Number of protein chains: 2
Amino acid sequence: MKVYKNEKRKDYLKEHSIAHLFSFPIEEFIEVHEYQRDEWIIQEGTRPDFLFFVIEGKAKIYVTHHNGKVSLINFINANDYIGEMELLHEVYYTKGIQTSTKTICFAIPLHRCRTQLLEDVTFLRELTKFLSVKATQMAAKYSQSLAFPLENRLADFILQTADEGFYKEKHVTVCDFLGVSYRHLLHVLAQFCDKGYLQKEGRHYRIQQYQPLYELAGVLRNK
Amino acid sequence: MKVYKNEKRKDYLKEHSIAHLFSFPIEEFIEVHEYQRDEWIIQEGTRPDFLFFVIEGKAKIYVTHHNGKVSLINFINANDYIGEMELLHEVYYTKGIQTSTKTICFAIPLHRCRTQLLEDVTFLRELTKFLSVKATQMAAKYSQSLAFPLENRLADFILQTADEGFYKEKHVTVCDFLGVSYRHLLHVLAQFCDKGYLQKEGRHYRIQQYQPLYELAGVLRNK
DNA sequence: ACAAAAATATGAGATATCTCACATTTTGAG
DNA sequence: CTCAAAATGTGAGATATCTCATATTTTTGT
């Protein structure tokens, strides 16, 4: 992890100003952190000292279970908060956050700003919206994971992550995210190929037929 | 649904004052609603006109999927908010809320209070905490549902809901909540009886051995 | 450039969970 | 009280998903 200083820091603060998300002058407190690919921004089980706001990059939230299974709870993108749970709760089991690309965050030191943050209307209103979206997403994922087989959830995931007609996600990551075994993921992908929805090209999959994938994904939506 | 008026309303407002959750005088706006058992406080897919705060009673959040499956997303108890998503988001697919006992709520009319609520630090701070707990719970449930078989989740549920050593929940509700078929739920309950953890008495189950249930439930906790 | 680690791949058998069909019991509205 | 609806209960076969063993390929650190 690198901490940007002086000019580089100032440039980032100016270029990606988040002053409008607060009603007090926050900039002076902000540190600008750069994490490289696959670095851990927060270690699972360890309280962070900062509230982070992601400026550039992507990351993943992980939790490890007693039986050794790892769940990828969600993806984090630009303009997401990290560490807000620890700001709000004294006691909290901290999830691990790992970058999947180079990631730049604004880091707000909790020991200096906690009190002010918790009294700031502008900040709290934004955070409330952020959390409500998060809660809704998780509720949706939860109920879908119980109500539908992998076939449907995978179709949705493929459509959401496909890039120019190609699905290129890493199988291992997708297993953790959709909560299925590697074996079973490959099995369902192979079915999609058999049925002609996808065609494997090297290690990527070209989407051949969108319509049946749309139909499989469509049933996840609410009534 | 009944709306309490005059003395009855005043009594409730005094007895269960929520003035401390707001920094402006909210009481004058509050309606006191009573819902009987099994009544719907909010219809799925229909925007509510109020933000509710539960004073007494219990309710359930339901969502219906395209394939006809119904998920019980969560339980609602005293001191929970209902309808906060609709306060925060113009566009939102509203979940259904059904009481499971007689339930009394304070109902805050959105059209009159929305603006003030969204500018109220005290309210927003409380709501933020409420939502963060909700988001965390859902994330936990989600990852657990994927990582563990029913055996573990049911053991946890039995221990959490048991009353004086007896488990008495309705099977149909539990199926929706744990996202499994009726048949399978009975199957696992029968296993617990075979193994001597539970003993069926009429339509209730007496907990015979806590230890193995604790162990099954324990692996849900994080590493 | 090379060895180790990670990711991909595949087969076969086991288990968790679902669907459907049907019987019985309990509950609630009128 | 009565009847229909809801909840409970059981069997049997189907399917979704997991585990494990093992092989190949790709990526990564040094």
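What you see is a predicted model, and the numbers here were worked out from it, not measured in a lab. Chain letters run A, B, ... following the sequence lines, proteins first, then strands; residues in each count from 1.
Note: CG (B/L186) to C1' (C/dT25) measures 14 Å, nearest angstrom. For A/D38 and D/dT28, the CG to P distance is 8 Å, given to the nearest whole Å. Atom pair B/L189:CG and D/dT10:P shows a separation of 11 Å (rounding to whole Å applied). With rounding to whole Å, A/D194 atom CG is found 11 Å from C/dT10 atom P. Atom CD of A/E151 is separated from atom P of C/dC18 by 16 Å (rounded to the nearest Å). Put simply, CG on A/L178 is 16 Å from C1' on D/dC18, counting in whole angstrom units. Between the NE2 atom of A/H187 and the P atom of C/dT15 there is a distance of 19 Å, given to the nearest Å. Nucleotide D/dT15 holds its C1' atom 14 Å from the CG atom of A/N152, rounded to whole Å.
The existence of a salt bridge linking B/E84 and B/K134 is confirmed by a sub-4.0 Å separation between a basic side-chain nitrogen and an acidic carboxylate oxygen. For A/E164 and A/R206, the salt-bridge test fails: no basic side-chain N is under 4.0 Å from an acidic carboxylate O.
With DNA chain C read from its 5' end, the first of the two nearest nucleotides for B/V188 and B/R203 is the one closest to B/V188. In terms of position along DNA chain C, the nucleotide closest to A/T173 lies nearer the 5' end than the nucleotide closest to the other residue of the pair A/T173 and B/Q191.
For A/L150, the side-chain atoms get nearest to D/dT17 when compared with the rest of D/dT17, C/dC18, C/dA9. If you check D/dA7, D/dG9, C/dT17 against the side chain of B/P149, the one that comes closest is C/dT17. Taking only side-chain atoms of A/Y182, from C-beta outward, the nucleotide of C/dT8, D/dT19, D/dA7 with the closest atom is C/dT8. For A/R37, counting side-chain heavy atoms from C-beta on, the closest listed nucleotide (C/dT19, D/dG9, D/dT28) is D/dT28. Distances were taken from every side-chain heavy atom of B/R183 (C-beta onward) to each of D/dT10, D/dG9, C/dT8; the shortest belongs to D/dT10.
Among the protein residues, A/H184 comes within range of the nucleic acid bases, having at least one heavy atom under 4.0 Å from a base atom.
Distances shorter than 4.0 Å separate none of the side-chain N or O atoms of B/K170 from OP1 or OP2 on D/dA6. OP1 or OP2 of C/dA9 lies within a sub-4.0 Å distance of a side-chain N or O belonging to A/H171.
For A/F106 and A/F53, the gap between ring centers reaches or exceeds 6.0 Å.
Classified by interplanar angle (parallel below 30°, tilted 30° to 60°, perpendicular above 60°), the ring pair B/H16/B/Y12 is parallel.
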(request) Evaluate salt bridge (charged side-chain N to carboxylate O under 4.0 Å, His left out) for B/E7 paired with B/K14, printing each intermediate quantity in order. (result) CA-CA 10 Å; B/E7 282 315 305; B/K14 188 187 285 180; over 6 Å; no
